[in-house]
Amino acid sequence: MKERWNQILVGLLIAQVLLCVVVLWPRRAASGTGEPLLPGLKASDVVALTITDDQGKSIALRRVEGTWVLPDADNYPADGTKVTTLLNKLAGLTTRRLITRTAASHRQLDVADNDFRRRIELETMEGQQYRLYLGSSPQFDTIHVRVAGRDETYLASNLSVGEAQATPISWVDPVYLRLDSSEVQTVTLRNRNGTLRFLKGEDGKWTLEGLGPEERADQSRISALVQTVTSLRMTEPLGKEARPEYGMDSPTALVTIQTSTETVTLTVGAQDPETKTYVVIGSHSPYYVRVTEAVARDLVEKGRDYFLQPPPTPTPTPTPSPEPTVATSPAATPAGAPATGTPLTVPPESATPGPTP
């Protein structure tokens, strides 16, 4: 009886495997190249793009006067090349490799209406709208895709969810301020520890204004600071509105960068208690941005001593060796006298009475 049940279970397992193969095995459409998955779509016609990921994050991009921007960040400029690259790939999707026609497979392939890797919504200048889902990747450089409202799921090549991130930083230039560090002449840093002014000499080396006779500037730390502020990287653009939580009324640091042609000021505001990021705005831009704690640390926390070389360690004065002690021969010790270095204990006279004469 037990063997009979084992045979039945094995048969059911084989049937499930065959069903999965039949349902999920890639199929080629009747045409050799397939039909366009999004008929009539041209990348140049798209004016709005919204991407939502499987964590609930969403990013909106819009084309304004020929330039792609982030409307939720007061039209902060986006990287148009990245947007166009994605749109061209989406417009080029075809029905060549059919995976399944059943809705029951959508969740397994991560292309269900409420269970997906990416949901992408497009709008054209004529008002036509498209919605599609990007799902799992069965192998390198391939991904499951499905158009909303259809059961068919296809396998697409040369596309990945990594090209459709739902974070603002993925669609902008992460460098908020970019200056030629070789053109920088002075950098002034003001924070709670005071004001520091760094000067570059004719030899290209940095020094700190007001050094004492025995003080030396730490070239590596000053150079690292200059590199940070002349190539300031952000984590997120925030927009143009000055909000109270940004803390700009009581900045944590002020940085003034003087080049041969311009002066740029960076104002560092408050730290967010959750993300640990700081808000920054530069005089070169109307936009507020966030930077990491690691980027802002030297600007906010470091004082004068940090940018100085440690004082040289003084050479210790050698301790003279003690003169050797000359031992005294017992034969040379006078009779009745104690040996050198040996304490002599004399009992009191009353302690032991002597013999009677």
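Only a predicted model underlies this, so the values are computations on that prediction, with no experimental measurement involved.
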How close do [X] and [Y] get, heavy atom to heavy atom, and via which atoms?
{"X": "Arg62", "Y": "Ala48", "value": "NH2-CB, 3.6 Å"}
{"X": "Ser157", "Y": "Thr142", "value": "OG-CG2, 4.1 Å"}
{"X": "Leu134", "Y": "Ala164", "value": "CD1-CB, 4.2 Å"}
{"X": "Leu299", "Y": "Asn191", "value": "O-ND2, 3.1 Å"}
{"X": "Lys276", "Y": "Glu293", "value": "O-CB, 3.3 Å"}
{"X": "Leu208", "Y": "Arg197", "value": "CD1-O, 3.5 Å"}

Flag yes if [X] and [Y] sit in one hydrophobic cluster, no otherwise; membership is Ile, Leu, Val, Met, Phe, Trp, Tyr, and two members link when side-chain heavy atoms are under 4.5 Å apart.
{"X": "Leu38", "Y": "Val145", "result": "yes"}
{"X": "Ile257", "Y": "Trp206", "result": "yes"}
{"X": "Leu70", "Y": "Ile281", "result": "yes"}
{"X": "Val226", "Y": "Leu254", "result": "no"}
{"X": "Leu61", "Y": "Leu159", "result": "yes"}

Are any side-chain N or O atoms of [X] and backbone N or O atoms of [Y], one a donor and one an acceptor, separated by less than 3.5 Å?
{"X": "Gln227", "Y": "Ala224", "result": "no"}
{"X": "Tyr246", "Y": "Val268", "result": "no"}
{"X": "Arg63", "Y": "Val46", "result": "yes"}
{"X": "Lys42", "Y": "Thr124", "result": "no"}
{"X": "His284", "Y": "Leu266", "result": "no"}
{"X": "Tyr278", "Y": "Val295", "result": "no"}
{"X": "Ser283", "Y": "Thr265", "result": "yes"}
{"X": "Asp218", "Y": "Gln309", "result": "no"}
{"X": "Lys57", "Y": "Thr167", "result": "no"}

Parallel, tilted or perpendicular: rings of Tyr287 and Tyr76 (30°, 60°):
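It falls in the perpendicular class, over 60°.
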Quick one: do Leu177 and Val280 satisfy side chain to side chain contact (heavy atoms under 4.5 Å, CB included)? Show the steps, please.
CA-CA 11 Å; Leu177 172 62; Val280 174; over 6 Å; no
Under 3.5 Å, is there a donor-acceptor pair linking the side chains of [X] and [Y]?
{"X": "Thr153", "Y": "His144", "answer": "no"}
{"X": "Asn88", "Y": "Thr85", "answer": "no"}
{"X": "Ser105", "Y": "Thr102", "answer": "yes"}
{"X": "Thr84", "Y": "Thr81", "answer": "no"}
{"X": "Ser260", "Y": "Glu183", "answer": "yes"}

N-O pairing of Arg178 and Asp173 below 4.0 Å:
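Looking at Arg178 and Asp173, the cut-off is met.
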Sidechain N-carboxylate O distance under 4.0 Å for Glu163, Arg118
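Between Arg118 and Glu163 there is no salt bridge, as every charged N stays at least 4.0 Å from the carboxylate O atoms.
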Report yes if the side chains of [X] and [Y] come closer than 4.5 Å at any heavy-atom pair, otherwise no.
{"X": "Asp72", "Y": "Ile59", "value": "no"}
{"X": "Thr50", "Y": "Ser58", "value": "yes"}
{"X": "Thr263", "Y": "Thr256", "value": "yes"}
{"X": "Arg304", "Y": "Leu196", "value": "yes"}
{"X": "Glu262", "Y": "Val264", "value": "yes"}

With rounding to the nearest 0.5 Å, note down the distance linking [atom1] in [X] to [atom2] in [Y].
{"X": "Leu49", "Y": "Glu121", "atom1": "CG", "atom2": "CD", "answer": "9.5 Å"}
{"X": "Thr292", "Y": "Met234", "atom1": "OG1", "atom2": "CE", "answer": "12.5 Å"}
{"X": "Arg243", "Y": "Tyr288", "atom1": "CZ", "atom2": "OH", "answer": "11.0 Å"}

Looking at Asp249, I'd like to know if its CG atom is crowded, meaning that more than 12 non-hydrogen atoms belonging to other residues, nucleotides or ligands lie closer than 6.0 Å.
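Counting other residues, nucleotides and ligands, CG of Asp249 stays at 12 neighbours or fewer.
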Within 6.0 angstrom of Glu214 CD, more than 12 heavy atoms from elsewhere
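Atom CD in Glu214 is not crowded, with 12 or fewer foreign heavy atoms closer than 6.0 Å.
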Evaluate ring pair (Phe, Tyr, Trp, His ring centres under 6.0 Å) for Phe198 paired with Phe307, printing each intermediate quantity in order.
CA-CA 10 Å; Phe198 305 100; Phe307 297 100; 4.9 Å; yes
Please report the C-alpha distance between Arg101 and Asp151 in whole Å, then the side-chain angles of each, then the deciding distance to 0.1 Å, and finally whether the side chain to side chain contact (heavy atoms under 4.5 Å, CB included) criterion is met.
CA-CA 5 Å; Arg101 291 190 174 92; Asp151 289 339; 5.5 Å; no
Please step through salt bridge (charged side-chain N to carboxylate O under 4.0 Å, His left out) for the pair Glu152 and Arg150, ending with a clear verdict.
CA-CA 6 Å; Glu152 294 85 358; Arg150 303 179 193 173; 5.8 Å; no
Quick one: does NZ or CZ of Arg221 land under 6.0 Å from the six-membered ring centre of Tyr306, within 45 degrees of the ring axis?
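Yes, cation above the ring, under 6.0 Å and within 45°.
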For Asp110, which of Val161, Asp115, Ile143 qualifies under side-chain contact (heavy atoms from CB on, under 4.5 Å)?
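It is Asp115; the other options fail the test.
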